[in-house]
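Comments concern the structure below.
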Amino acid sequence: MAEGSDRIRIDKWLWQARFCKTRALAADLVAAGRVRVNGQRIDKPGRSVRPGDVLTLVWAGQGRALRILACGTRRGPATEAATLYQDMTPDPAPCETPVPHQADPPEQPS
């Protein structure tokens with residue numbers, strides 16, 4: 001893709017943004033239906049995305065919501081990849097697991 005282009009393939013973007021180790025894994029993620037673009041489920045790795053699009057990714061039982069900020073031109077370091085998107089995933093609610101009640105120690109026979 002030419003530099004300054006405003007569109008990029010979803011599999012390539014996922015790879016450049018470091019959500020997948022390889023483009024093949026990114027393509028598999030898309031083909032499995034685990035990616036939504038602007039609320040619509042997609043299954044074609046060649047689907048183009050652009051800045052402003054909102055992605056919803058689901059894998060390993062967790063979901064992430066991302067807004068694409070830039071298409072990128074290469075797979076660079078993680079700090080560079082982090083500039084390609086804004087993470088809009090809400091923080092998980094604090095765990096309110098009750099502290100288990102400690103039972104009184106058994107009475108010792110006298």
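As the structure is a prediction and not an experimental result, all values here were calculated from the model.
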**Message:** Let's go through Val30 and Lys44 carefully: what are the C-alpha distance in whole Å and the side-chain angles of both, what is the deciding distance for side chain to side chain contact (heavy atoms under 4.5 Å, CB included) to 0.1 Å, and is it a yes or a no?
**Reply:** CA-CA 6 Å; Val30 174; Lys44 304 281 186 204; 5.6 Å; no
**Message:** Please determine whether the number of non-hydrogen atoms from other residues, nucleotides or ligands lying under 6.0 Å from atom CZ of Arg75 exceeds 12.
**Reply:** yes
**Fill in**
So CG of Leu69 and CZ of Arg67: to nearest 0.5 Å the spacing works out to 8.0 Å
**Item:** Verdict with supporting geometry, Gln16 and Ile8, side chain to side chain contact (heavy atoms under 4.5 Å, CB included)
**Value:** CA-CA 10 Å; Gln16 286 180 351; Ile8 188 170; 3.4 Å; yes
**Asked** Where do Tyr85 and Leu66 come nearest, in terms of heavy atoms and distance?
**Response** CD1-CD2, 3.8 Å
**Complete:** Residues Pro51 and Asp6: closest non-hydrogen pair is CD-O, 3.4 Å
**Complete:** Shortest non-hydrogen pair, Asp87 vs Thr89, comes out as OD1-OG1, 2.7 Å
**Within one Ile-Leu-Val-Met-Phe-Trp-Tyr cluster: Val35 and Val49, side-chain cutoff 4.5 Å** = yes
**Message:** Closer than 4.0 angstrom, basic N to acidic O: yes or no for Arg23 and Asp11?
**Reply:** yes
**Item:** Verdict with reasoning, Ile68 to Leu55, per side chain to side chain contact (heavy atoms under 4.5 Å, CB included)
**Value:** CA-CA 8 Å; Ile68 297 177; Leu55 302 182; 4.0 Å; yes
**Request:** Could you check if a side-chain atom of Arg7 sits within less than 4.5 angstrom of a side-chain atom of Cys71, using non-hydrogen atoms only?
**Result:** no
**Prompt:** Going through the checks in order, is the side chain to side chain contact (heavy atoms under 4.5 Å, CB included) test met by Val37 and Arg47?
**Reply:** CA-CA 9 Å; Val37 177; Arg47 163 74 154 75; 3.6 Å; yes
**Message:** Tell me the closest heavy-atom pair linking Arg18 and Pro77, and the distance in Å.
**Reply:** NE-C, 3.8 Å
**Prompt:** Does one hydrophobic cluster hold both Leu84 and Leu57, with members joined at side-chain heavy-atom distances below 4.5 Å?
**Reply:** yes
**Request:** Sequence neighbours left out, what pairs pass side-chain hydrogen bond (donor to acceptor under 3.5 Å, both in side chains) with at least one residue falling in residues 25-43?
**Result:** Asn38-Asp53
**Asked** What's the shortest heavy-atom distance between Ala26 and Cys20, and which atoms?
**Response** CA-SG, 3.5 Å
**Request:** Evaluate the ring planes of Phe19 and Trp13, with Trp represented by its six-membered ring, and classify them as parallel (under 30°), tilted (30 to 60°) or perpendicular (over 60°).
**Result:** parallel
